[in-house]
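A short write-up of the structure that comes next.
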2 protein chains.
Amino acid sequence: MSQRPTIKDVAKRANVSLSTVSLVVNNKSYVSPKTRERVERVINELGYHPTSSARGLALRKSGNIGFILTNDHFTQSEPFYTKIFLGAEFEIQKHNYYILLATIPKQFNASNSIPRFLLEKNVDGVIVAGRVDYKMIEFIETMGIPLVLIDYKISNRQYSTIVMNNYKGAEQAVKHLISHGHKKIGFIGGELQHPSIKQRYIGYSEALAGAGIQPENNWIVKDLPDTRQMNGYDGARKLFSKKECRPTAIFVANDAMALGVMKYCKENNIKIPDDLAVIGFDNIEASYYVEPKLTTIDVNKEEMGIIGVQTLLNSIKEKTDIVRNIHTSVELVIRESCNSKGC
Amino acid sequence: MSQRPTIKDVAKRANVSLSTVSLVVNNKSYVSPKTRERVERVINELGYHPTSSARGLALRKSGNIGFILTNDHFTQSEPFYTKIFLGAEFEIQKHNYYILLATIPKQFNASNSIPRFLLEKNVDGVIVAGRVDYKMIEFIETMGIPLVLIDYKISNRQYSTIVMNNYKGAEQAVKHLISHGHKKIGFIGGELQHPSIKQRYIGYSEALAGAGIQPENNWIVKDLPDTRQMNGYDGARKLFSKKECRPTAIFVANDAMALGVMKYCKENNIKIPDDLAVIGFDNIEASYYVEPKLTTIDVNKEEMGIIGVQTLLNSIKEKTDIVRNIHTSVELVIRESCNSKGC
DNA sequence: TTGAAAGCGCTAACAC
DNA sequence: GTGTTAGCGCTTTCAA
């Protein structure tokens, strides 16, 4: 089997030196049109292409970026992070890079959690998607590798970050409710420490304020341990335990909890959307096949991956340390859990 | 910023030669316990790791495999091929390889369809998922790169192939129908040239034969142009145009067409499952939120990716050209489109 | 058992 | 404008 041609073969055949070929291939410095033409002809004849590892070695660049997320995020059935990943894969191709994927345990452990591509200098930059152990971030930073975080924000530290526009999404949700005539609009949230949930709460509050509505305290449940479905259920129970001044609509901080709310309502004969309008956030897959289909805020996961790649590639190109914080678009998806009849 | 240590640094500090360090790192030949211990200590002190591009250059191996699929397969909303891809990503990590992804146009065009990683010697093997232009396959073959095809079979040529067990799936579907008391079981298929559809048809025929049932000609529609939903609709129309001897159940060669059948039935007041039992194939996402939910054959997409990786890695390791043909598991998913009431 | 040296294929000063 | 040369960091004969 014939070996593939090297730069040497091209040089020999074109009667020029290695460096001339290199110059032609990389469009560097000036090469006379004649020799350029000749070299190019030979390159085509031979089907020459530079070998990536040789070039990588000489340039100390790999042409790859790393994509890190935790195991559980990669394997969970709701394809949130995998969609971000696929969006990144989609975009990276246009830039002639490749993505190397590594999933790591939730708990950082220096001996086995460090992606091999970091150790082996096999990436020129890294995207971290979702919350990972902060030690991981620190490690990447000490290596001096450009870094972009997607759907994860670390307070008090300056990293480039891509997050969905939680504030705006919440605002849209609440405005939608208001436009349907609702005034008593509740909020069910999980851990407010979670930066996304916090922004959604702020969006909720300010949207109400903007409409001149002063929310009652017992419309709001924000002391839930986390954002899983069961907490939505519990939140609804808390909300409806008090008879007086019940909300007619609820903005739930994510779809998982919204599903819990719907379950509670079904069990307690509260009709959605007639007795109660419900609106979620995230547009998870389950949200479009519950009964009634859930109105929610769609998050463009692929876009987050695409913009993450663009942002990272920019910081690789620039040597300066510009920090960018980008909020990606969200969109109200109107389904059935909230209609005008209820007003 | 301190440069990362090289093999040279280790050698110097441990007072040995480069080659000794290399031997230790790679567990080659015999190194005296003393020096091995000393070298290993220094490696840990310095946090040394071999650089992938340097090693790749010396060994003429990249440590990567390529994953090729067509653009339309990558971007289509039904995540069939992306699930195969994610399964492959999941598996590859265990083997200390990386996957480089390339999507190519449906129509092969030598100037722009060839993944860069092939040209730049950046992969040690390739997985091709789904049907691609045969020229692509040929090109990979002439490069002498190990190849595995997933969900694509080329007749008359010997390649390692991973396909779902179409035959068995069809058999299970039909047996399920029979176990519900159905005897008049129809088949709606698309292009029988498609190897998967063909196998499903054979599975259907033999399952009937096994039960001593001789299918009528007008139970069977297999002259449809392709396997899209509208063809299922048309197929159902053909089937029901003849009044006499209608089937009481239909095995449809894929879910997309099954959805078309259901649409036809809804429009023509044929009740599923009471008037007609329907069973599909593929377990696409839509199949679990149609009304009624479709009983179907699940294809384990992730497993196809996992086994694809294992198979490819084996052929990379062996230098011999063993060809493997693997049929991955399928599973009957019982939902609502086919119950006992109808019998 | 270990070391010296050549080579993997490419880039980048620097010289001419 | 183009060639010479010295690396980039590693592996692998071949000697000792």
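Convention: sequence-line order gives letters A, B, ...; per-chain numbering from 1. Reckoned from all heavy atoms, side chains included, excluding hydrogens, waters and symmetry mates.
Using a 4.0 Å heavy-atom cutoff across all strands shown, B:Asp9 reaches no nucleic acid atom at all. Across all strands shown, B:Thr35 has heavy atoms under 4.0 Å from sugar-phosphate atoms exclusively, and none from any base. Backbone-only engagement by B:Leu59 is indicated by non-hydrogen atom pairs under 4.0 Å involving sugar-phosphate atoms exclusively.
In the set D:dG9, D:dG1, C:dG9, C:dG9 carries the atom at the smallest distance from any side-chain atom of A:Thr51. For A:Ala58, counting side-chain heavy atoms from C-beta on, the closest listed nucleotide (D:dG1, C:dG9, D:dG3) is C:dG9. Counting only heavy atoms from C-beta on, A:Ala54 has its side chain closest to C:dC10 among C:dC8, C:dC10, C:dG3. When distances are taken from the side chain of B:Leu57 to each of D:dG9, C:dT2, D:dT4, the shortest belongs to D:dG9.
Following rounding to the nearest Å, A:Ile7 (CD1) and C:dG7 (P) show an atom-to-atom distance of 18 Å. Atom NZ in A:Lys61 sits roughly 16 Å away from atom P in C:dC10 (whole-Å rounding). For B:Leu46 and D:dG9, the CG to P distance is 14 Å, given to the nearest whole Å. In this structure, the NZ atom of B:Lys12 is 13 Å from the C1' atom of D:dG9, given to the nearest Å. Atom CZ in B:Arg55 sits about 18 Å away from atom P in C:dG9, given to the nearest Å. One can place NZ of A:Lys8 at 16 Å from P of D:dG3, the figure rounded to the nearest angstrom. Separating the CD1 atom of B:Ile43 from the P atom of D:dG9 is a distance of 16 Å, rounded to the nearest angstrom. In this structure, A:His49 atom NE2 and C:dC10 atom P are separated by 11 Å, rounded to whole Å.
Heavy-atom contacts from other residues, nucleotides or ligands closer than 6.0 Å to CZ of B:Arg131 number 12 or fewer. Atom CZ of A:Phe90 has 12 or fewer neighbouring heavy atoms from other residues, nucleotides or ligands inside a 6.0 Å radius. B:Asp321 CG: 12 or fewer foreign heavy atoms inside a 6.0 Å radius. For A:Glu318, the CD atom sits in a packed shell: over 12 heavy atoms of surrounding residues, nucleotides or ligands are nearer than 6.0 Å.
Aromatic rings of B:Phe117 and A:Tyr98 (six-membered ring for Trp) have centroids within the 6.0 Å cut-off, being under it. Ring centers of A:Tyr81 and A:Phe74: at least 6.0 Å apart, outside the cut-off.
Checking A:Leu18 against B:Pro5, the closest nucleotide of DNA chain D that is more toward the 5' end is the one next to A:Leu18. Of the two residues near DNA chain C, B:Arg60 and B:Arg36, the one whose nearest nucleotide lies more 5' is B:Arg36.
Contacts with DNA chain D (heavy atom under 4.0 Å) in residues 19-27 of chain B: B:Ser19, B:Ser22, B:Asn26, listed by number.
Between B:Thr328 and B:Asn300, the side chains place no donor N or O within less than 3.5 Å of an acceptor N or O (distance only, hydrogens not considered). The closest side-chain donor-acceptor pair between A:Asn122 and A:Ser62, if any, does not fall under 3.5 angstrom.
Residues B:Glu45 and B:Arg13 are paired through a salt bridge, judged by an N-O separation under 4.0 Å between the basic side chain and the carboxylate. In this structure, B:Lys106 does not pair ionically with B:Asp133, as no charged nitrogen and carboxylate oxygen lie closer than 4.0 Å.
Within the structure, a side-chain polar atom (N or O) of A:Ser32 is placed less than 4.0 Å from OP1 or OP2 of D:dT2. Between D:dG3 and A:Ser17, a contact under 4.0 Å exists linking OP1 or OP2 to a side-chain N or O. In this structure, A:Lys28 reaches the C:dA12 phosphate: one of its side-chain N or O atoms is under 4.0 Å from OP1 or OP2.
Each end of the helix from C:dT1-D:dA16 to C:dC16-D:dG1 yields a helix axis from five base pairs, and these two axes differ in direction by 40° (to the nearest 10 degrees).
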